[in-house]
Amino acid sequence: MTSRDLVPTAITVDDPGAFQAAADHLQMGAAGLSVLEFTSLRSERTRRLIGASDPEWWEFGFVRTGTMLLEHGRTQTVARAGEVLLYGTSHPFEAHAFSGAEPARVLLLHIPRSSVPFPERRLLGSASRPFSSQSGPGALLARFMAGCAEQTASLNASVARHLEPVAIGLATAFAASLMGEDDGMPPTRQEALALQVRTFVLDHLHEPGLSPAMIAAAHRISVRYLHHLFHESGESVGEFIRSRRLRNCYADLLDPALKNLTVSEVGARWGFQDGSSFNRAFKARYGVPPGEHRRLRTPKPRGG
């Protein structure tokens with residue numbers, strides 16, 4: 001379950017017979033929120049597991065109860081109840097969660113790495129300590145996560161998708177505050193432009209004509225400079241467009257409100273004009289054709 005909804009990790013516990021856990025998940029377009037509750041455990045993400053599967057997320061963790069110890073590289077971060085921490089799925093880590101009289105409760109907000117317009121090295125360097133959720137961007141982010149966690153049962157896929165820009169915006173504001181606290185360096189003009197460009201792309205994914213030339217013209221920059229803006233993230237303009245389109249198709253195929261649309265029509269909603277190309281791209285990304293994904297992941301009607 002954690003490999004499917006989070007990322008593959010090796011989980012161990014001291015007393016398997018007494019171990020208890022519960023999880024819920026809210027998908028918000030390209031972003032997602034996992035609501036986790038468990039007794040003490042150890043979770044390790046190795047280079048081998050990263051090589052097998054990596055969604056390339058930044059993980060914003062809000063500890064509600066218990067304590068979380070995170071070791072990544074030579075850095076060790078201890079987050080207690082009421083604190084927020086940040087780490088990435090593309091780097092090895094070892095996490096220890098400690099519960100007390102009640103289970104540990106942690107909220108994890110998954111944000112695509114390419115949606116946070118800051119150099120990865122700078123952001124990782126700013127994430128070596130926990131941060132308070134009592135004021136500033138940390139408070140806004142934590143309250144948003146807590147509010148979404150309380151409403152997971154009442155938010156359907158169509159509504160939840162509209163929360164994506166809010167989640168990414170709050171996470172980006174929080175990330176910017178970390179770097180400001182750490183080295184006094186606010187986002188540069190280039191970083192701000194990169195965020196503006198990515199926002200433009202996300203707003204125009206449904207347009208089949210979306211291309212580097214169109215994006216560059218809309219921002220009055222050269223195509224060469226556009227590619228430079230994306231170079232820091234390790235993802236090309238074309239890869240960014242394709243991956244975001246596929247993520248939206250992934251969510252739409254599971255949306256009950258869109259069940260009458262064919263697979264090709266779902267692809268066309270997000271700029272895939274050719275059905276066979278959409279099928280190939282989807283299978284290459286997720287391992288199964290879009291039709292099979294819809295069939296396997298759509299809940300069966302009760303009593304059916």
Side-chain angles (χ1 to χ4, degrees), residues 2 6-7 9 11 13 20-26 28 31-45 57-111 113 115-116 118 120 122-152 163 166-184:
T2 57
L6 301 174
V7 292
T9 56
I11 297 176
V13 297
Q20 297 181 356
D24 204 350
H25 185 78
L26 177 66
M28 299 176 279
L33 177 73
S34 292
V35 183
L36 308 174
E37 179 178 306
F38 40 73
T39 50
S40 298
L41 61 77
R42 171 179 172 270
S43 177
E44 183 179 10
R45 183 155 168 79
W57 289 334
W58 285 115
E59 298 280 31
F60 297 80
F62 177 29
V63 181
R64 304 302 303 274
T65 61
T67 301
M68 186 170 177
L69 167 64
L70 182 70
E71 298 179 11
H72 45 106
R74 299 181 179 179
T75 302
Q76 187 177 89
T77 305
V78 179
R80 297 177 174 83
E83 293 183 320
V84 179
L85 52 78
L86 170 65
Y87 60 97
T89 63
S90 301
H91 300 273
F93 65 78
E94 185 174 315
H96 298 258
F98 303 99
S99 59
E102 57 180 340
R105 295 183 178 87
V106 178
L107 308 181
L108 283 180
L109 182 64
H110 321 295
I111 300 294
R113 190 174 65 187
S115 296
V116 181
F118 306 119
E120 184 177 354
R122 278 184 61 191
L123 194 49
L124 280 175
S126 304
S128 59
R129 66 186 192 277
F131 299 88
S132 173
S133 64
Q134 299 304 307
S135 62
L140 295 175
L141 181 63
R143 290 169 187 170
F144 171 75
M145 293 167 67
C148 289
E150 292 172 359
Q151 300 300 322
T152 52
L163 296 174
V166 181
I168 292 176
L170 288 173
T172 301
F174 176 73
S177 74
L178 300 194
M179 291 190 295
E181 290 176 5
D182 192 66
D183 55 23

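- R80 CZ to L69 CG: the interatomic distance, rounded to the nearest 0.5 Å, is 9.5 Å.
- Distance check: L170 CG to L163 CG gives 10.5 Å after rounding to the nearest 0.5 Å.
- Taking CZ of F98 as the start and OG1 of T65 as the end, the distance is 14.0 Å to the nearest 0.5 Å.
- Pairing each heavy atom of L109 with each of A171, the nearest pair is CD2-CB, 4.5 Å.
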Would you give me the side-chain donor-acceptor pairs under 3.5 Å for residues 133-149, sequence neighbours excluded?
from : atom 1 : to  : atom 2 : distance (Å)
S133 : OG     : G82 : O      : 2.6

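- For F93, the ring pair (Phe, Tyr, Trp, His ring centres under 6.0 Å) criterion is met by Y87, not counting sequence neighbours.
- Between the R45 side chain and the T89 main chain, a donor and an acceptor come within less than 3.5 Å of each other.
- Taking the ring pair (Phe, Tyr, Trp, His ring centres under 6.0 Å) definition, one finds that H25 meets it with H110, sequence neighbours left out.
- Side-chain atoms of S40 come within 3.5 Å of backbone atoms of S99 as a donor-acceptor pair (strictly under, hydrogens ignored).
- Not counting sequence neighbours, the partners of V116 by the side-chain contact (heavy atoms from CB on, under 4.5 Å) test are W58, I111, F118, L123, T172, A175.
- Residue pairs meeting the salt bridge (Lys or Arg N to Asp or Glu O under 4.0 Å) criterion with at least one member in residues 82-108, sequence neighbours excluded, are E37-R105, R42-E94, E102-R105.
- Once rounded to the nearest 0.5 Å, the distance linking CD of E59 with CG of L70 reads 10.5 Å.
- A donor-acceptor pair under 3.5 Å is absent between the side-chain atoms of S34 and the main chain of L108, judged by distance alone.
- Here CD1 of I11 is found 11.5 Å from CD of E44. Values are rounded to the nearest 0.5 Å.
- In terms of the side-chain contact (heavy atoms from CB on, under 4.5 Å) criterion, A81 has no residue partners (sequence neighbours excluded).
- A distance of 8.5 Å separates CZ in F131 from OG1 in T77, rounded to the nearest 0.5 Å.
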| request: For the pair V166 and M28, evaluate side chain to side chain contact (heavy atoms under 4.5 Å, CB included) and give the outcome as yes or no after the intermediate values. | output: CA-CA 10 Å; V166 181; M28 299 176 279; over 6 Å; no
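- Sorted by first and then second residue, the salt bridge (Lys or Arg N to Asp or Glu O under 4.0 Å) pairs involving residues 166-176 (not counting sequence neighbours) form an empty list.
- Applying the side-chain hydrogen bond (donor to acceptor under 3.5 Å, both in side chains) test to T152 and every residue at least two apart in sequence or in another chain returns D24.
- Contact record, A23 with L36: CB-CD2, 3.8 Å, taken as the closest heavy-atom pair.
- Every residue meeting the side-chain contact (heavy atoms from CB on, under 4.5 Å) condition with S90, not counting sequence neighbours, appears here in chain and number order: D54, E56, R113.
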